[in-house]
Amino acid sequence: MTKLTDLTIHEALDGLKSKKFSAVELTQAHIDAMEKHRSLNCYITETPDIALKQAEESDKRYASGSALKMDGIPLGMKDLFCTKDVKTTAGSKMLSDFVPTYESTVSQNLWDQGAVMMGKLNLDQFGMGTANVNSHYGHVVNPWRAKDNPSKEYVAGGSSGGSSASVAAGMCMAATATDTGGSSRQPAAYTGTVGFKPTYGRCSRWGIVAFASSLDQASLVSKDVKDAALMMEVMSGHDPKDSTSAPIDVPDFTAMLKQDVKGLKVGIPKEYTVDGMPSEITDVWNEGKAMLKAAGAEIVDISLPHTHYALPTYYILAPAEASSNLARYDGVRYGLRVDNGGNLDAMYEATRSEGFGDEVKRRIMIGTYTLSAGYYDAYYVKAQKVRRLILNDFIEAYKQCDVILAPTAPGPAFAKGENEDDPIKMYLCDVFTVPASLAGLPALSVPIRLNENGLPLGLQLIGRRFDEQTLLHAAFGLEQQAQFKDKPFGE
Ligand code: GLN
């Protein structure tokens, strides 16, 4: 029999309904995996007691025939989502003792449908990073190992490295993530999982620790496209508590997953080929095109002429918003306070020096600079204008196609320790994910195959605003062709 930790959510829901196993058994199997794989450092806080209690409630509902949509499904929660009475650190020292008195809307939506909380997942501090090496709680380790050196540890992507590694390792069935510039898609590509960021506004941001508010979007990591659709149906919806959440209905995201992709027009942007990109990325991209074609799609060449400016634009706007959002951590209202016996200014300085890691400080400094009176027009306003041009490129492109196919990342997962001394190299890993973020578009990464060295490679699909159905439909078509079945740990 398949191990319980190998099941997808939709398979597990079938098993629970037909009483093949109980929610408590399913949860216990994931708790065992969480303990077994602690060395991957996926969880900042484990909550097995909460999980088992929730699972017992689920079993009662299954017994009485009143099961909910996600009943008994063990999930990991990225530690950027506030969870009532459960510590929420944002991966930082600043919030190392922060216990929220409220629940984020997205996590509440999941609990309301019977989901089970395994714990709070590791991440780069405040979501800032590409490899989950910027966490106050240590690096996350990718469960995948390369063939040429199985003892070498690889990064799990970032900032949602805890989410991607825990799903890949079977320590939860799916996980929430957040995606500001690629944080669900890129970690998914590095770990052979699905990473899905919906349209900006599809999910509420209420109760998610803010990084860059005009880009932050609740997202997820799952084992397959159907699970991604199921999860997103529960996570999304209008929330009066978030004025940027869209007052539109949530469609049935799973409805189109059964059809083939006949007639779907898939755009291939010529600008998504970057200097020095490894040939394996070009190869897998070509294979993806061929797969969608084989499934009945029509491939069209498109152009997104401002792509080249997306990365610098993102790295001006995201730090600008971060510098403003993170001004709230002043040692007075909540979080860490370092009182060094000096005056108020000295307390601010000591608190922020100790509470924030290097990458967070770097971004606060860049953001403060680009927002300062002398440079505001030259950097911040200019970047806002370029952001609009990037969105216009997509609007033009979608006159010719329904979805866009591109690489997710410019390479597979890299070894732990690599790129760490060079922030620019880290930022370059986001080159293919930030354009959709700047344009607020839904995007998804699907695992395609392993490279020659045994590491996963993924491809990204980008959809029209609020057209997650077509995006998921295309992703399902690609997934059916790719048939990615490999598992880490050589299992
Ligand atoms: N890697 C990007 C950054 O460092 C994106 C992170 C994210 O989406 N949270 O900002």
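The model shown is predicted, which means the values in this text are computed figures rather than measured ones.
At a threshold of 4.5 Å between non-hydrogen side-chain atoms, the residues T470 and L264 count as touching. Counting heavy atoms from C-beta on, the side chains of F21 and L4 come closer than 4.5 Å. Counting heavy atoms from C-beta on, the side chains of E271 and H308 never come closer than 4.5 Å. With a 4.5 Å cut-off on side-chain heavy atoms, I73 and V116 do not count as touching. Q54 places a side-chain heavy atom less than 4.5 Å from the side chain of M117. V446 places none of its side-chain heavy atoms less than 4.5 Å from the side chain of L459.
With 3.5 Å as the limit, one finds no donor-acceptor pair spanning the side chains of K78 and S163. For the residue pair S222/D227, the side-chain donor-acceptor check at 3.5 Å is not satisfied. Using modelled atom types and a 3.5 Å distance limit, the side chains of E359 and N134 yield no donor-acceptor pair. No donor-acceptor contact under 3.5 angstrom links the side chains of D216 and S213, judged on distance only. Between the side chains of N122 and S135, at least one donor N or O sits under 3.5 Å from an acceptor N or O. Under 3.5 Å, the side chains of D32 and Q28 contain a donor-acceptor pair of N or O atoms. Judged by distance alone, the side chains of T88 and T83 do bring a donor and an acceptor atom under 3.5 Å apart. Side-chain atoms of D112 and Q108 include a donor-acceptor pair closer than 3.5 Å. Side-chain atoms of R205 and T105 include no donor-acceptor pair closer than 3.5 Å. Between T254 and D252, the side chains place a donor N or O and an acceptor N or O closer than 3.5 Å (distance only, hydrogens not considered).
Smallest separation of non-hydrogen atoms from E321 and S214: OE2-OG, 2.5 Å. Considering all non-hydrogen atoms of both residues, S184 and A177 come closest at CB-CB, 3.9 Å. Across all non-hydrogen atoms, the minimal contact from A33 to M171 is O-CG, 3.8 Å. Closest approach of A295 and D260 over heavy atoms only: O-CB, 4.0 Å. Scanning all heavy atoms of the two residues, the minimum distance from A228 to L220 falls at O-CD2, 3.6 Å. When every heavy atom of Q481 is checked against every heavy atom of A294, the shortest pair comes out as OE1-CB, 3.8 Å.
Identified under the ring pair (Phe, Tyr, Trp, His ring centres under 6.0 Å) test for residues 257-305, with sequence neighbours left out: Y272-F432.
Within a 6.0 Å sphere centred on CD of Q483, heavy atoms belonging to other residues, nucleotides or ligands number more than 12. Around atom OH of Y309, no more than 12 heavy atoms belonging to other residues, nucleotides or ligands sit under 6.0 Å away. Atom NZ of K19 is surrounded by more than 12 heavy atoms from other residues, nucleotides or ligands within 6.0 Å. Residue N149 qualifies as enclosed at atom CG: its count of foreign heavy atoms under 6.0 Å is above 12.
The pair R449-E287 counts as a salt bridge, with a side-chain nitrogen and a carboxylate oxygen less than 4.0 angstrom apart. We find that E233 and K69 are joined by a salt bridge, their nearest charged nitrogen and carboxylate oxygen being less than 4.0 Å apart. Electrostatic pairing of D402 and K265 does not count as a salt bridge here, judged by no charged N lying under 4.0 Å from a carboxylate O. Residues E46 and R38 are paired through a salt bridge, judged by an N-O separation under 4.0 Å between the basic side chain and the carboxylate.
Considering only residues two or more places apart in sequence or on other chains, D224 meets the salt bridge (Lys or Arg N to Asp or Glu O under 4.0 Å) condition with none of them. Legend: residues meeting salt bridge (Lys or Arg N to Asp or Glu O under 4.0 Å) with D124, ordered by chain and number and at least two apart, are absent. With sequence neighbours left out, D79 forms a side chain to side chain donor-acceptor pair (under 3.5 Å) with T89, K120. With sequence neighbours excluded, the residues satisfying salt bridge (Lys or Arg N to Asp or Glu O under 4.0 Å) with D71 are R61.
Separation of the Y315 and Y427 ring centroids falls under the 6.0 Å cut-off.
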I268/L405 under side-chain contact (heavy atoms from CB on, under 4.5 Å): CA gap, chis, key distance, verdict: CA-CA 6 Å; I268 307 295; L405 179 74; 3.9 Å; yes
Worked check of side-chain contact (heavy atoms from CB on, under 4.5 Å) between T5 and H30: CA-CA 6 Å; T5 51; H30 286 85; 3.9 Å; yes
Residue pair I390, R387: steps toward the side-chain contact (heavy atoms from CB on, under 4.5 Å) verdict: CA-CA 5 Å; I390 290 165; R387 182 178 188 175; 5.6 Å; no
Step-by-step side-chain contact (heavy atoms from CB on, under 4.5 Å) determination, N419 to V133: CA-CA 10 Å; N419 297 342; V133 296; over 6 Å; no
Pair up each side-chain donor or acceptor in residues 408-417 with any protein partner under 3.5 Å, not counting sequence neighbours, and list the distances.
residue: T408; atom: OG1; partner: S445; partner atom: OG; Å: 2.9
residue: T408; atom: OG1; partner: Q460; partner atom: N; Å: 3.2
residue: K416; atom: NZ; partner: E153; partner atom: OE1; Å: 2.8

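Ring pair F394/Y398 is parallel by interplanar angle, where below 30° counts as parallel and above 60° as perpendicular.
D179 pairs in a side-chain hydrogen bond (donor to acceptor under 3.5 Å, both in side chains) with only one of the listed residues (Q217, R185, K197, Q186), which is R185.
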